[in-house]
Amino acid sequence: MTGDRAVTPAAGDGPDDTGCHILHVDMDAFYASVEVRDQPGLAGKPVIVGAVGGRGVVLSASYEARAFGVRSAMPVSRARRLCPQALFVPPRHRVYAAVSREIMTLFREVTPEVEPLSLDEAFLDVSGALRRLGPPAAIARLIRASVREQYNLTCSVGVATTKFVAKLASTISKPDGMRVVPGAEVLEFLHPLPVAALWGVGDKTGEVLARFGLRTVGDIARTPAATLQRELGTAAGAHLAALAWGRDPRPVTSRVPDKSIGAEETFATDVDDPVVIRRELLRLSERTARGLRAGAWLGRTVVVKLRLANFKTITRSRTLPEPTDVAQVIYRTACALYAGSGLDARARLRLVGVRATGLIPAGATATQLALGEEPESWRDAEQAVDKIAGRFGPGTVRPAVLVREAERGGPPRGGDSA
């Protein structure tokens with residue numbers, strides 16, 4: 001089902017969008033939709049992007065697969081039981097990141113006030129674009145049409161006076177829909193919703209609220225804030241009371257970097273070979289560096305995550321003398337952190353991860369070269385590989401050790417869980 005949906009029927013051009021300057025744009029089943037777009041034979045079928053082995057998680061599921069109860073972050077083994085006829089597609093993170101960059105660029109052509117939340121969703125403040133592009137609902141329709149025409153993908157858009165309500169509106173309008181929540185109808189929209197619709201209400205908080213008979217947002221709104229604070233804590237009670245009355249003063253904040261960029265891998269079977277583990281650290285370091293360069297960031301700190309077969313997780317980090325986006329620098333640091341982790345040489349690992357934190361804009365620092373040092377030789381080489389991959393596809397150029405590994409059939413791997 002597609003189309004623009006409003007809270008209540010309205011005459012003329014639709015509901016009153018006066019003051020509804022906040023848009024939340026959410027791509028529909030993003031990874032799965034990209035795969036269906038690029039492989040038309042998948043259209044209309046239950047598609048799951050994730051591991052082909054049994055120990056990964058679902059990264060994305062088409063709406064045909066969701067009809068069977070499949071959801072993102074679900075173990076692949078459970079997804080197979082729910083939908084045995086599903087078609088599993090290995091993830092192509094570089095492709096998704098490239099499509100995301102293009103879509104975010106489209107958003108910034110509408111307004112510079114864009115706050116990405118992830119690869120597939122963002123808040124937009126369109127108050128500065130009204131004279132140029134028309135009212136908020138018209139801008140939302142323009143975005144939806146542009147995404148469809150330029151990228152052959154669909155998105156859902158919520159239009160409201162606050163970020164919280166806009167995000168709820170886009171969720172409710174999925175897939176491929178739009179919902180305007182007029183300022184005068186916010187409470188009419190919010191109060192029938194279940195308490196789980198409020199940010200911060202998970203299973204545990206939901207159980208506490210249910211014990212007091214609070215099952216809808218309206219129930220919370222009608223409960224004194226002092227009572228909520230007494231039962232949930234001062235901050236959490238005040239937070240839920242404000243949301244229940246549609247109060248969310250947070251502005252759209254543009255150009256906020258991710259807290260970190262990285263990748264991790266769950267092996268199909270536990271691995272105790274240091275050579276295989278270091279090879280995986282190289283692969284993950286390359287993905288991390290590509291993510292940094294794609295976003296024009298440098299990382300100050302390298303973090304390695306090691307999860308043992310018994311699920312005990314160890315993290316080690318090191319702050320670099322200079323921030324970097326170079327895979328070889330990240331890899332050397334990751335190997336040193338692995339070697340210094342204190343694990344037995346034959347410790348069996350279930351998962352490894354590499355992440356860069358402490359991000360700063362790539363143009364905000366200058367590298368100090370030692371006397372006689374070749375300037376940025378590794379970075380130049382890796383940027384050249386980026387260009388080749390952008391033209392001929394990911395994996396066109398790889399380190400020799402990864403090429404040899406691929407020829408042997410690759411390591412025992414599960415699904416990407418980053």
Side-chain angles (χ1 to χ4, degrees), residues 1-34 36-37 60 62-63 66 99-100 102-111 113-193 197 199 217 246 248 250 252:
M1 178 177 180
T2 65
D4 299 345
R5 299 188 268 280
V7 177
T8 56
D13 295 330
D16 181 8
D17 60 0
T18 304
C20 296
H21 299 159
I22 307 299
L23 275 55
H24 180 259
V25 186
D26 198 355
M27 303 301 296
D28 297 321
F30 182 48
Y31 292 5
S33 296
V34 171
V36 172
R37 181 196 69 178
S60 180
S62 68
Y63 286 93
R66 295 184 189 197
V99 175
S100 173
E102 293 183 17
I103 290 171
M104 295 299 167
T105 298
L106 184 153
F107 294 166
R108 292 186 177 97
E109 291 174 355
V110 172
T111 172
E113 301 305 320
V114 176
E115 180 180 342
L117 301 182
S118 61
L119 288 181
D120 61 347
E121 61 176 319
F123 286 115
L124 286 70
D125 183 339
V126 299
S127 55
L130 302 182
R131 292 183 62 183
R132 179 168 56 93
L133 298 176
I139 294 175
R141 286 192 287 269
L142 172 66
I143 289 172
R144 294 184 62 229
S146 298
V147 168
R148 183 186 294 276
E149 292 168 6
Q150 296 185 35
Y151 306 108
N152 197 21
L153 297 169
T154 64
C155 63
S156 298
V157 184
V159 184
T161 56
T162 64
K163 293 167 79 171
F164 166 58
V165 176
K167 186 171 173 65
L168 277 179
S170 70
T171 300
I172 289 174
S173 68
K174 279 183 165 293
D176 192 19
M178 175 183 126
R179 191 154 190 167
V180 177
V181 182
E185 299 181 28
V186 167
L187 299 185
E188 179 184 345
F189 169 72
L190 282 179
H191 285 184
L193 298 177
W199 283 342
V217 176
D248 179 15
R250 298 169 307 148
V252 172

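- Considering only residues two or more places apart in sequence or on other chains, S146 meets the side-chain hydrogen bond (donor to acceptor under 3.5 Å, both in side chains) condition with none of them.
- Partners of R37 by salt bridge (Lys or Arg N to Asp or Glu O under 4.0 Å), not counting sequence neighbours: none found.
- Across all their heavy atoms, S62 and A29 have their closest contact at CA-CB, 4.4 Å.
- Here the side chains of D16 and E185 are not in contact, with every heavy-atom distance at 4.5 Å or above.
- Counting only heavy atoms from C-beta outward, the side chains of R148 and D176 approach each other to under 4.5 Å.
- Nearest heavy-atom pair, A160 versus A166, reported as atom, atom and distance to 0.1 Å: CB-N, 3.6 Å.
- Residue pairs meeting the ring-ring contact (aromatic ring centres under 6.0 Å, His included) criterion with at least one partner in residues 142-168, sequence neighbours excluded, are F164-W199.
- For D17, the salt bridge (Lys or Arg N to Asp or Glu O under 4.0 Å) criterion is met by no residue, not counting sequence neighbours.
- Qualifying side-chain hydrogen bond (donor to acceptor under 3.5 Å, both in side chains) partners for S33, counting only residues two or more places apart in sequence or in other chains: none.
- For D125, there are no salt bridge (Lys or Arg N to Asp or Glu O under 4.0 Å) partners at least two apart in sequence or on another chain.
- Checked by atom type and distance alone, the side chain of T161 never pairs as donor or acceptor with a backbone atom of C20 at under 3.5 Å.
- Contact detail for M27 and C155: the closest heavy-atom pair is SD-CB, 3.7 Å.
- M178 places none of its side-chain heavy atoms less than 4.5 Å from the side chain of S173.
- Residue pairs meeting the salt bridge (Lys or Arg N to Asp or Glu O under 4.0 Å) criterion with at least one partner in residues 157-169, sequence neighbours excluded, are E115-K163, E121-K167.
- Of all heavy-atom pairs spanning L187 and G246, the tightest one is CD2-N, 4.4 Å.
- Taking F30 as the reference, nothing meets the ring pair (Phe, Tyr, Trp, His ring centres under 6.0 Å) condition, with sequence neighbours excluded.
- Counting heavy atoms from C-beta outward, T111 and V252 have side chains that stay 4.5 Å or more apart.
- With sequence neighbours excluded, no residue satisfies side-chain hydrogen bond (donor to acceptor under 3.5 Å, both in side chains) with S60.
- Between atom CG of residue L106 and atom CD of residue Q150 there is a gap of 5.0 Å, rounded to the nearest 0.5 Å.
- Between A197 and L168, the shortest heavy-atom distance links the atoms O-CD2, 3.6 Å.
- L130 has its side chain within reach of I139: a pair of non-hydrogen atoms, C-beta onward, lies under 4.5 Å apart.
- In terms of the ring pair (Phe, Tyr, Trp, His ring centres under 6.0 Å) criterion, H21 has no residue partners (sequence neighbours excluded).
- Taking the side-chain hydrogen bond (donor to acceptor under 3.5 Å, both in side chains) definition, one finds that T154 meets it with D28, sequence neighbours left out.
- Side chains of V110 and L133 form a contact here, defined as non-hydrogen atoms less than 4.5 Å apart.
- Note that OG of S156 and NE2 of H24 are 10.0 Å apart. Values are rounded to the nearest 0.5 Å.
- With sequence neighbours left out, A122 forms a side chain to side chain contact (heavy atoms under 4.5 Å, CB included) with M104, F107, V114, L124.
- You'll find the side chain of I103 reaches within 4.5 Å of the side chain of L153, heavy atoms only.
- In this structure, OG in S170 is found 7.5 Å from CZ in F123, a value given to the nearest 0.5 Å.
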